[in-house]
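Numbers here simply count residues along the sequence, with the first being 1. The analysis underlying the following values was restricted to heavy atoms, covering all of them including side chains, and did not include hydrogens, waters or symmetry mates. When a ligand or atom number is given, it counts from 1 through the structure's own listing order.
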Amino acid sequence: MKTYLVTGAAGFIGANYIKYILAKHEDIKVVILDALTYAGNLGTIAKDVDNERCFFIKGNICDRELADRLFSEYKFDYIVNFAAESHVDRSIENPQLFLQTNILGTQNLLDAARRAWVTGKDENGYPTWRKDVRYHQVSTDEVYGSLGEEGFFTEETPLCPHSPYSASKTSADLIVMAYRDTYKMPVTITRCSNNYGPYHFPEKLIPLIIKNILEGKRLPVYGNGTNVRDWLYVEDHCKAIDLVVRQGKNGEIYNVGGHNEKQNIEIVKLTIATIRRLMEEEPAYRKVLKKKELDENGEIRIDWINDSLITFVKDRLGHDQRYAIDPTKITRELGWTPETKFEDGIVKTIIWYLNNQDWVKSVTSGDYQNYYENMYKNR
Ligand code: NAD
Ligand code: TDX
């Protein structure tokens, strides 16, 4: 029986991850630690928690006393750290919060693990560690900076972050590596490309575009829309993390990516076309549209769902041009490959959003309107 501490699992990827590992492994116990910021939502994990296999604890990863208490109570074998401030645009507005959570929070978890897992010292003064424990850091391809038209990020690509968000994630990676090198702490890191799928907060490109189409709003594309991201279905990322935590080589870094590079404008056009097609094939989906004007057949009109909704807006400051991951190492060492083709993943994702409008409403009921207006008003 392995006991996991999974931080940030009321957010997008962490929630998908705990659902995946609870279904995959019968012999595990999961403790979720999440501060429930604007990005965390208890409803996302309501069906998974409060049974003998999965508990939820509301708290901040920067809280030292809480971390020590959890370690002494639950004797964790694995820590998987998803908790982070994750949105680049917000990091441009308020960098300090990103440094606090992403850097100091990571360091606090590493220290709590060190206090709990060190068993003594070897003859050279290095700490000795409990057997079969592992700290895993969920990181991002953004630590490598930006690519030109050619090439891919490998694990050897120099770290060169540009945004306050990616600088904070890079700093967190460096602290994890420092604990590996200084204390011989058992750690692994995954650096993944852009995820998409269910429970993605509608401040990020794909869920924001879906939400805006359903509400008949304009679709803001930064700059000229030619920036490239490498999109991976979230469950494929969760599978990669599961493999690395359980079978990855101690101390190693693994890049995770979908070999699915697309310009933002392509993503937006594909999302528009897919929503329109799904509504043509299944008119019942049209009920979720805010605009309820009827056509001559008495069906809700969808002819306005087209590329004219796209609005090019002021570019993001310091906007990275292109990300592309080379996942050869994780494929070669652990046999991981992306399983979901983008064309299928985007359909699954859109259908999930069409069927889960209550979730969208619940996560956007608080401060979201203010955020949206501040971010897009003068763009
Ligand atoms: P998210 O913003 O959807 O979720 C973050 C979660 O962390 C939320 O539940 C939030 O409440 C929680 N949290 C924030 N600050 C906290 C704190 N101080 N203490 C405890 N909990 C806190 O993020 P996501 O998109 O699910 O990303 C998860 C991780 O994966 C992040 O570390 C991110 O950097 C990394 N990542 C994301 C992507 C992506 O495409 N979304 C890609 C690669 C890596
Ligand atoms: O309204 C928008 N219009 C737009 O053109 C938004 C929100 C985004 N964009 C662009 C900016 C990016 O080039 O779309 C691209 C994707 O943007 P985001 O969804 O904000 O993702 P990105 O900035 O690439 O970062 C994401 O992937 C790496 C996650 O948010 C990070 O947490 C992860 O580390």
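- F71 does not carry R114 over the face of its six-membered ring by the limits of under 6.0 Å from the centre and within 45° of the normal.
- Every residue meeting the side-chain hydrogen bond (donor to acceptor under 3.5 Å, both in side chains) condition with D242, not counting sequence neighbours, appears here in chain and number order: H25.
- Of the residues Y372, Y368, Y38, the one that meets the side chain to side chain donor-acceptor pair (under 3.5 Å) test with E203 is Y38.
- Under a 4.0 angstrom heavy-atom cut-off, H319 registers as being in contact with ligand 2.
- Using a distance-only test at 3.5 Å, with no hydrogens or angles considered, a donor-acceptor pair links the side chain of N102 to the main chain of E85.
- Near K204, meaning under 4.0 Å from one of its heavy atoms, ligand 2 places the atoms 19 (O), 30 (O).
- Near A10, the atoms of ligand 1 lying under 4.0 angstrom from a non-hydrogen atom of the residue are 9 (O).
- The atoms of ligand 1 that sit less than 4.0 Å from any heavy atom of S193 are 42 (C), 43 (C).
- In this structure, N195 and I13 approach most closely via the heavy-atom pair OD1-CD1, 3.4 Å.
- Protein heavy atom in closest approach to atom 20 (C) of ligand 1: A35 N, 3.2 Å.
- Contact annotation: for L208 versus ligand 2, heavy atoms closer than 4.0 Å belong to the side chain alone.
- Nearest protein neighbour of atom 27 (O) of ligand 1, counting heavy atoms only, is I13 CD1, 3.8 Å.
- Close contacts between ligand 1 and K169 involve ligand atoms 31 (C), 32 (O), 33 (C), 34 (O) [criterion: under 4.0 Å to a heavy atom].
- In terms of protein heavy-atom proximity, atom 16 (C) of ligand 2 is nearest to L205 CB, 3.9 Å.
- Looking only at protein heavy atoms, the nearest one to atom 3 (O) of ligand 1 is F12 N, 3.1 Å.
- Under the 4.0 Å criterion applied to side-chain N and carboxylate O atoms, E65 and R69 are not assigned as salt-bridge partners.
- Heavy-atom proximity to S139, at under 4.0 Å, picks out these atoms of ligand 1: 43 (C), 44 (C).
- With a heavy-atom cut-off of 4.0 Å, E142 touches ligand 2 through its side chain alone.
- Counting only non-hydrogen atoms, the option in Y165, Y222, W231, Y372 that gets closest to atom 33 (C) of ligand 2 is Y165.
- Of the protein's non-hydrogen atoms, F82 O, 3.2 Å is the one closest to atom 29 (C) of ligand 1.
- Counting the atoms of ligand 1 from 1 in the order shown, those under 4.0 Å from a heavy atom of Y165 are 33 (C), 34 (O).
- Below 4.0 Å from some heavy atom of G40 lie the following atoms of ligand 1, by number and element: 8 (C), 9 (O), 11 (O).
- Relative to atom 6 (C) of ligand 1, the option among S166, A9, G8 with the closest non-hydrogen atom is G8.
- Judged by a 6.0 Å distance limit and a 45° cone about the ring axis, R90 is positioned over the six-membered ring of Y371.
- For K169, the heavy-atom gap to ligand 2 stays at 4.0 angstrom or more.
- Taking the ring centre of Y323 as origin, the terminal cationic atom of R229 falls inside the region bounded by 6.0 Å and 45° from the ring axis.
- Close approach to N194 involves these atoms of ligand 1, each under 4.0 Å from a residue heavy atom: 40 (O).
- Inclusion of N227 in the set of residues having an N or O under 3.5 Å from an N or O of ligand 2 is not warranted.
- Within the structure, ligand 1 lacks T7 among the residues with a heavy atom less than 4.0 angstrom away.
- Geometrically, K291 engages W304 in a cation-pi contact defined by less than 6.0 Å to the ring centre and at most 45° from the axis.
- With hydrogens and angles left out, the side-chain atoms of Y233 and E339 include no donor and acceptor closer than 3.5 Å.
- If you number the atoms of ligand 1 from 1 as listed, the ones under 4.0 Å from a heavy atom of S86 come out as 1 (P), 2 (O), 23 (O).
- Within the 4.0 Å heavy-atom shell around ligand 1 one does not find Y199.
- Residue G59 places a heavy atom under 4.0 Å from ligand 1.
- The nearest heavy-atom contact from the protein to atom 23 (O) of ligand 2 is R316 NH1, 2.6 Å.
- Between G105 and ligand 1 there is no heavy-atom distance shorter than 4.0 Å.
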